[in-house]
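Reading through the structure tokens given below for one structure.
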Amino acid sequence: MNPQDRINELTDLLNHYNQRYYQDAISEVSDQEFDFLLKELENLENQHPELKRADSPTHRVGGEITKNFETVKHKYPMLSLSNTYNEGELRDWDDRIKKGLNGAPYEYICEIKFDGISLSFTYENGLLTKGVTRGDGSQGDDITTNVKTLRTLPLNINSKKQTDLFSQTPVQILGENFEIRGEGFMPNEVFDRINQEREDIGEEKLANPRNAAAGTFKMQDSKVVASRNLDCYIYQYLSENDHFKTHEESLVALKKAGFNVSESYRKVNDIEGVIAYINEWSEKRHALPCATDGIVIKINDYAQREDLGFTAKSPRWAIAYKYKAESKSTRLNAVTFQVGRTGAITPVAELEPVELSMTTVRRATLHNADEINRLGLSIGDYVMVEKAGEIIPKVIGVDVARLAENPDRENKKVKFRSHCPVCGTKLYRNEGEAAYYCPNETGCPPQLKGRVEHFIQRKAMNIDSLGEGKIEILMEQGLISDASDLYNLHFEKLLGLEKVHVDEQTGKERKVSFKEKTVQNILDGIENSKQQPFGKVLFAIGIRFVGETTAQKLAQYFKTLEALQLADFETLRAVPDVGEKVAQSILTFFANEKNRELVNKLKAAGLQFEAENMVTEAESNALEGLTLLYTGTFENFSREALEQKIEANGGKLVSGVSKKLDYLIVGEGAGPSKLKKAEDLGVKMINEQQFLVLLNG
Ligand code: IVH
């Protein structure tokens with residue numbers, strides 16, 4: 001088959017699999033098979049870049065860098081909606097609708113108001129040709145390369161396979177040329193994951209999913225965009241001709257044609273129906289995969305929309321009802337300053353306990369020095385507290401109506417600390433960073449404790465028989481001062497220790513006591529941790545900016561701690577995914593004698609500082625569940641090496657060709673009988689190069 005035909009075939013097939021997976025939740029092929037075909041397409045596209053199609057699924061994994069996004073004028077302006085926060089105003093709007101339609105019957109479509117960024121997508125001849133941000137409403141940024149990474153967004157609706165299920169093809173349903181709009185968002189799950197990772201490596205956390213999504217959609221490197229698994233709900237269809245009579249029809253059609261339309265919308269006949277919908281979703285919306293901030297109510301009939309028309313800024317036929325974030329006034333009793341593992345200082349408001357959205361709030365982060373200045377707080381002030389995203393409590397400002405209750409407030413202004421609240425060392429701040437840090441890394445108790453907590457966590461040394469409370473006792477008793485001391489603990493030293501631990505968030509007290517069984521579990525956990533592979537150990541020692549994945553890559557690349565310690569800046573930069581910041585941080589870490597001492601003590605305790613085991617035993621699970629057989633000789637492998645490679649990567653070597661065989665690896669001078677049998681049975685045959693692709697993804 002010539003490259004062009006194969007590229008076309010693979011593009012259509014992979015788009016079909018994507019569609020089935022993301023729209024219908026059906027996997028027609030295994031992940032491996034999919035990746036394998038994708039890799040083949042990628043290789044062909046690299047060899048023949050001129051043949052790469054605009055709807056190629058390889059766009060989904062990113063790779064293209066956009067230096068400056070081009071500004072594009074919107075064909076139809078992207079208007080905003082008028083907002084209301086209360087039922088009375090909503091009823092007034094409904095009255096205006098009634099009047100505007102001269103008493104004719106009407107229907108509303110109620111939708112969830114997703115809290116991301118609005119995007120516009122243009123389809124020409126059924127092909128996604130443009131993705132643009134809202135911008136100022138009349139023009140936005142062309143972020144097509146980035147929106148192509150949205151896996152639920154069809155790149156091409158012409159593909160025949162996609163239409164098998166319907167009596168009409170998507171093009172028949174939607175037309176060839178149209179524009180659709182929707183809300184791009186970062187799923188909550190992804191947001192939490194990214195923030196957890198950022199916390200692990202001492203990076204500042206992202207403020208909320210909306211900002212995170214907005215920032216990600218505007219990133220220059222589409223590969224990073226792809227890695228963040230953004231998504232988009234589609235809520236509007238626009239075209240030159242009157243394709244649909246109602247909004248509902250357009251939503252049904254979009255869904256049928258494979259677009260990601262949230263099922264949460266509902267058609268209602270009157271304002272009572274709208275209010276019932278609002279009440280129903282006020283709590284339920286928190287179970288949706290993305291942030292939401294209200295409800296959008298739209299007239300269903302397009303002709304009626306036209307009758308109602310627009311004001312200068314927004315349509316008269318739609319309105320947004322926003323849920324009020326519940327806020328309450330409570331007294332600021334104190335501000336404490338917490339010291340994290342990396343030495344970052346976080347100011348925390350200690351509040352008079354107050355009930356908010358069904359939980360008791362006692363504390364709220366004040367983030368950093370800039371936020372303290374912005375809020376202008378004094379101890380004793382009444383402050384307004386709100387739940388941001390309904391989860392994390394936030395101080396939004398001084399309750400000005402109650403200023404008089406704090407007469408001496410000028411003398412009680414909250415000021416950020418100049419010195420560490422625990423060890424007294426002078427704080428510093430890096431240019432461009434919001435946080436202040438305590439530089440006393442090796443002597444400041446909360447930093448030491450934070451580092452041991454980081455060390456024992458599941459993703460690191462996995463000593464789950466230890467926890468925050470237990471570490472606190474061990475430190476207070478002087479039994480440990482860093483992670484290496486864990487490996488010198490004895491049964492006798494631990495038995496009988498006791499302490500009342502106070503949970504910082506809930507204020508609840510819990511007694512931690514070291515009985516026989518607890519002590520044994522702790523010691524077993526510590527002993528077992530010696531088997532954790534090099535990559536995990538490297539993550540556990542807590543080099544700033546070195547997350548789980550980077551640690552794994554460093555371990556694979558350098559194989560031994562010595563090699564890593566000897567590496568200079570350039571050598572470190574050569575490791576996949578290691579940028580300047582990470583490279584510099586590794587150098588700084590090992591330049592510190594105390595860190596080198598810690599590592600030496602951990603080594604003496606028997607921890608894994610070599611990647612040897614990883615290589616000889618299991619390398620990956622790239623071939624998991626696959627049966628393979630080879631025939632002939634190979635350039636890169638002896639027979640033994642090939643067999644070992646298959647097994648080390650989770651594959652199963654079988655002795656003969658059968659229907660059950662997944663792959664026959666064909667080398668020089670392959671046996672003709674094996675080839676024939678494989679061909680007859682339809683067994684896939686791959687060459688050495690393709691085997692390497694399969695192996696390395
Ligand atoms: S309809 C002409 N529907 O809310 C009105 N908007 O100010 C077009 N939004 O910028 C918008 N969910 O980004 C519509 N289901 C939904 C929505 C929605 C979120 C956003 C959109 C728009 C803003 C309205």
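Whatever order the structure lists ligands and atoms in, that order sets their numbers, starting from 1. Numbers here are sequence positions counted from 1.
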For a quick test of your reading: what N or O donor-acceptor pairs under 3.5 Å do the side chains of residues 185-197 make, sequence neighbours left out?
unit_1	atom_1	unit_2	atom_2	d
N195	OD1	L206	N	2.8
N195	ND2	L206	O	3.1

Less than 3.5 Å apart, which donor and acceptor atoms pair up between the side chains of residues 304-312 and the rest of the protein, not counting sequence neighbours?
unit_1	atom_1	unit_2	atom_2	d
Q304	NE2	P105	O	2.9
R305	NE	I299	O	2.8
R305	NH2	I299	O	3.1
T311	OG1	K313	N	3.3
T311	OG1	S314	N	3.2
T311	OG1	S314	O	3.1

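The aromatic rings of Y321 and Y323 sit perpendicular to each other, their planes meeting at more than 60°, with 30° as the lower class boundary.
Nearest heavy atom pair, residue N125 against residue N158, reads O-ND2, 2.7 Å.
For residues 109-120, every residue pair satisfying the side-chain hydrogen bond (donor to acceptor under 3.5 Å, both in side chains) rule, not counting sequence neighbours, is listed here: E111-H247, E111-K298, S120-E179.
Near ligand 1, S80, L81, E111, I112, K113, F114, S118, E183, Y235, Q236, V296, K298, P315 each place a heavy atom less than 4.0 angstrom from the ligand.
Between F244 and Y302, the ring centre distance reaches or exceeds 6.0 Å.
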